[in-house]
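In what follows, a structure is listed as structure tokens, so that the remarks can point back to it.
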Amino acid sequence: MAKAKAKAKSSGAVESYLVAYNATSFLGWGYVLVQTVLYLMEHGSDLSGLFHRIGYPLIYIQTGAALEVVHSLLGLVRSGALTVLMQVYSRLLLVWGTLYAFDYPEIRASPALVLMIIAWSVTECVRYSHYALSLLDIEVPVLLYLRYTLFYVLYPAGVSGELLEMWAALPHAATIHPWYRAFLILNMVNYPPVLYKLYTHMIRQRRKILGGAGKPSEKANAAAKKKI
């Protein structure tokens, strides 16, 4: 009896933590998205001040996602650790190994950066809000549908922005280390197989959660909650 109560209490604490984590992440990505849109409305194609507006919030909120690898390894969520690690690693390489490392306009003030930010922030706003609400047993069919549909467009868009950012960093890579250029190229070459793995994983998840017709099944939110 005591063990059951302790287990229930522990489960409740984990769920509360995950709700707080997902809600905080949603707010962070929402801030990045709103500030990016406002900047574009104010300055149009002049991207010279974009990084100064959202650069460090972007870096910090994305770095916080490293916790998701820990969540997976500790069994707090059912997502596969390898899949999560691949997603987090590539983004950390972008924010720290490219955006933070190189203060050049072709990197910090490029259309590729805008493409990457929009794709990332929209994806994460949908994902984190869906996860937080699912943990609270709040069903929002629209969010569920967007979570398992937008990736068709946002994954290729985000990857295109990421590759263009790393490409722009290549001429400056030697300032970090003589081998850093080769390291970036190796990561770029690795993108197609990794994208294929993540993309097909999401397609399988979409079929499982939404069903073949693209409509949520009766147990869609329950299944989605298990993936958090």
Side-chain angles (χ1 to χ4, degrees), residues 25 28-41 43-51 53-59 61-63 65-66 68 82-128 146-173 176 180-206:
S25 298
W29 283 106
Y31 174 82
V32 171
L33 177 60
V34 169
Q35 289 300 317
T36 300
V37 172
L38 289 176
Y39 180 90
L40 294 174
M41 292 174 63
H43 302 280
S45 60
D46 179 10
L47 304 177
S48 58
L50 179 60
F51 180 84
R53 181 95 163 238
I54 54 85
Y56 287 102
L58 172 67
I59 291 172
I61 191 65
Q62 182 54 60
T63 302
E68 295 179 26
L82 180 60
T83 300
V84 175
L85 179 62
M86 287 191 298
Q87 292 173 314
V88 172
Y89 165 76
S90 64
R91 290 197 181 183
L92 290 180
L93 175 61
L94 262 296
V95 296
W96 288 106
T98 303
L99 284 176
Y100 179 82
F102 302 110
D103 184 7
Y104 297 97
E106 59 267 34
I107 297 171
R108 292 187 174 184
S110 68
L113 176 60
V114 176
L115 181 63
M116 187 178 77
I117 292 173
I118 296 296
W120 285 8
S121 56
V122 172
T123 296
E124 302 300 30
C125 282
V126 171
R127 183 168 73 97
Y128 285 120
L146 293 175
R147 167 74 182 107
Y148 293 100
T149 302
L150 288 179
F151 77 91
Y152 279 120
V153 175
L154 295 179
Y155 269 30
V159 166
S160 297
E162 292 171 35
L163 288 172
L164 288 170
E165 283 291 287
M166 282 193 280
W167 178 264
L170 292 181
H172 313 290
I176 300 295
Y180 194 59
R181 186 175 187 275
F183 173 72
L184 289 179
I185 292 174
L186 179 62
N187 278 273
M188 293 172 70
V189 170
N190 195 43
Y191 257 69
V194 171
L195 175 61
Y196 175 79
K197 180 177 178 60
L198 295 177
Y199 206 69
T200 53
H201 169 76
M202 286 300 296
I203 291 173
R204 289 192 298 270
Q205 287 302 116
R206 187 179 194 276

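- Atom OH of Y100 is surrounded by 12 or fewer heavy atoms from other residues, nucleotides or ligands within 6.0 Å.
- Using a 4.0 Å cut-off between charged nitrogen and carboxylate oxygen, E68 and R91 do not count as a salt-bridge pair.
- Nearest approach of Y180 to A173, heavy atoms of both residues: CB-O, 3.5 Å.
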Practice item. Might you work through the side-chain contact (heavy atoms from CB on, under 4.5 Å) test for M116 and L99, ending with a clear yes or no? Key: CA-CA 12 Å; M116 187 178 77; L99 284 176; 3.9 Å; yes
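- With hydrogens and angles ignored, the 3.5 Å screen pairs no side-chain donor or acceptor of T98 with any backbone N or O of V95.
- The closest side-chain heavy-atom distance from V189 to I185 is below 4.5 Å.
- A donor-acceptor pair shorter than 3.5 Å cannot be found between the side chains of E124 and S25.
- W96 is listed as a side-chain neighbour of T63, based on a closest heavy-atom distance under 4.5 Å.
- A heavy-atom distance below 4.5 Å is found between the side chains of I176 and F102.
- Looking only at side-chain heavy atoms (C-beta outward), L113 and I107 stay at 4.5 Å or farther from each other.
- The backbone N or O of L146 lies less than 3.5 Å from no partner atom in the side chain of T149, so there is not a single donor-acceptor pair.
- Under the 4.5 Å side-chain criterion, counting only non-hydrogen atoms from C-beta, E165 is not in contact with R108.
- I54 places none of its side-chain heavy atoms less than 4.5 Å from the side chain of Y39.
- Looking at V126 and W29, their side chains never come closer than 4.5 Å, going by heavy atoms from C-beta outward.
- Under the 6.0 Å cut-off for aromatic ring centres, Y199 and Y196 do not qualify, their centroids lying 6.0 Å or more apart.
- Rounded to the nearest 0.5 angstrom, L33 CG and T123 OG1 are separated by 10.5 Å.
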